[in-house]
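What you see is a predicted model, and the numbers here were worked out from it, not measured in a lab.
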Amino acid sequence: SRAEFVTVLCRMSGDGYTGKGKNLSFEDTKAGAWYADYVAWGVEAGMVKGLPNNRFGPEQFVTRQEMAVFIARFISYMKIKLENSSMIDSFGDSAKVASYAADSVELMRKSGIIAGDQNGKFNPINNASRAEVATVITRILPLLKDGEVITPPVVDKENFDVQKAFM
């Protein structure tokens with residue numbers, strides 16, 4: 001869910017978060033909810049902008065394009081430097097990516113943090129699976145080590161195996 005994803009990012013940041021949830025202004029996010037402090041951290045850190053009508057959608061599944069936006073904001077927040085390492089020129093369905101997410105999806109593609117499926121498509125509105133989230137997090141964790149710039153693994157377009165990539 002969106003709340004779970006922001007919780008993971010907050011925990012990865014190492015920032016303190018306790019007690020911040022009481023200041024949330026999203027209509028669908030209650031101050032006493034398990035995720036309230038994490039979402040409040042996300043707002044404070046600039047990772048969470050919310051949805052229309054002053055909502056956050058904590059229980060909604062996070063889409064692949066939302067995941068890309070959250071990760072791009074997290075990378076900026078953590079001051080991580082990325083290198084271009086992808087061998088994939090572009091996703092076959094790049095035109096379907098929402099305008100608010102286009103730059104983030106492109107950054108994730110170029111850096112090799114997010115790869116497309118076996119057909120070279122990004123599938124922007126598909127829900128991100130737990131396996132896909134785990135893969136992305138696994139690619140980001142080494143980048144947090146002592147401020148070093150570590151190049152993510154190169155994605156070989158011709159020999160790409162989606163099952164192996166997400167395992």
Side-chain angles (χ1 to χ4, degrees), residues 1-83 86 91 94 96-116 122-152 165-166:
S1 71
R2 289 171 51 89
E4 291 170 328
F5 196 78
V6 171
T7 298
V8 169
L9 295 179
C10 178
R11 289 178 178 172
M12 283 176 36
S13 76
D15 291 347
Y17 55 86
T18 305
K20 296 182 181 186
K22 61 185 173 228
N23 301 323
L24 279 174
S25 63
F26 294 121
E27 290 182 19
D28 61 348
T29 308
K30 306 292 183 239
W34 68 265
Y35 52 77
D37 288 341
Y38 300 108
V39 173
W41 166 85
V43 170
E44 189 176 288
M47 262 157 275
V48 173
K49 307 290 187 199
L51 300 170
N53 301 321
N54 194 31
R55 292 176 29 255
F56 173 66
E59 301 301 325
Q60 284 181 216
F61 289 111
V62 67
T63 65
R64 288 176 53 81
Q65 66 187 359
E66 289 171 336
M67 177 174 65
V69 170
F70 284 140
I71 292 293
R73 290 176 182 162
F74 179 77
I75 284 170
S76 175
Y77 175 77
M78 298 298 291
K79 297 177 176 57
I80 296 170
K81 293 183 176 137
L82 297 176
E83 295 183 15
S86 179
F91 293 122
S94 291
K96 294 181 180 179
V97 175
S99 60
Y100 78 88
D103 290 343
S104 297
V105 170
E106 184 63 8
L107 176 64
M108 295 301 99
R109 181 199 62 77
K110 282 182 180 176
S111 66
I113 290 175
I114 295 180
F122 177 66
N123 305 307
I125 61 171
N126 286 10
N127 295 330
S129 70
R130 288 183 186 265
E132 290 167 337
V133 169
T135 298
V136 168
I137 298 305
T138 300
R139 291 177 181 159
I140 293 170
L141 284 174
L143 302 175
L144 298 173
K145 183 180 175 186
D146 301 321
E148 297 174 22
V149 177
I150 300 171
T151 306
F166 293 127

Original post:
Just wondering, more than 12 heavy atoms not from Y100 lying within 6.0 Å of its OH?
Top reply: yes
Compare every heavy atom of [Y] with every heavy atom of [X], then report the nearest pair and how far apart it is.
| X | Y | result |
| --- | --- | --- |
| S104 | A68 | CB-O, 3.6 Å |
| G42 | V6 | CA-CG1, 4.4 Å |
| Y77 | S13 | CE2-CB, 4.4 Å |

To the nearest 0.5 Å, tell me how far [X] [atom1] sits from [Y] [atom2].
| X | Y | atom1 | atom2 | result |
| --- | --- | --- | --- | --- |
| Q65 | S99 | CD | OG | 9.0 Å |
| F74 | M47 | CZ | CE | 6.5 Å |
| T63 | N127 | OG1 | CG | 7.5 Å |
| L82 | M108 | CG | CE | 6.0 Å |
| R109 | E106 | CZ | CD | 4.0 Å |
| L9 | I140 | CG | CD1 | 7.0 Å |

**OP:** For N123, check side-chain hydrogen bond (donor to acceptor under 3.5 Å, both in side chains) against everything at least two apart and list the hits.
**Re:** D117
Original post:
Which residues satisfy the side-chain hydrogen bond (donor to acceptor under 3.5 Å, both in side chains) test with E59, sequence neighbours excluded?
Top reply: none
Listed by chain and number, what are the side chain to side chain contact (heavy atoms under 4.5 Å, CB included) partners of [X], not counting sequence neighbours?
| X | result |
| --- | --- |
| L141 | M12, I137, L144 |
| S1 | A3, E4 |
| D103 | none |

Check whether any side-chain heavy atom of [X] lies under 4.5 Å from a side-chain heavy atom of [Y], and answer yes or no.
| X | Y | value |
| --- | --- | --- |
| V133 | V8 | no |
| L24 | F56 | no |
| L51 | R2 | yes |
| I71 | F5 | yes |
| R11 | Y38 | yes |
| D28 | P58 | yes |
| I114 | V105 | no |

Original post:
Tell me, which pairs form a side chain to side chain donor-acceptor pair (under 3.5 Å) where one or both residues lie in residues 40-56, sequence neighbours left out?
Top reply: D15-W41, K20-E44, R55-Q60
**OP:** Give a yes or no answer on whether the side chain of S76 reaches the backbone of R73 with a donor-acceptor pair at less than 3.5 Å.
**Re:** no
Original post:
Between R139 and I113, is there a donor-acceptor pair closer than 3.5 Å when you use the side chain of the first and the backbone of the second?
Top reply: yes
**OP:** Kindly indicate, with the supporting measurements, whether the criterion side chain to side chain contact (heavy atoms under 4.5 Å, CB included) is fulfilled by V48 and F26.
**Re:** CA-CA 11 Å; V48 173; F26 294 121; 3.9 Å; yes
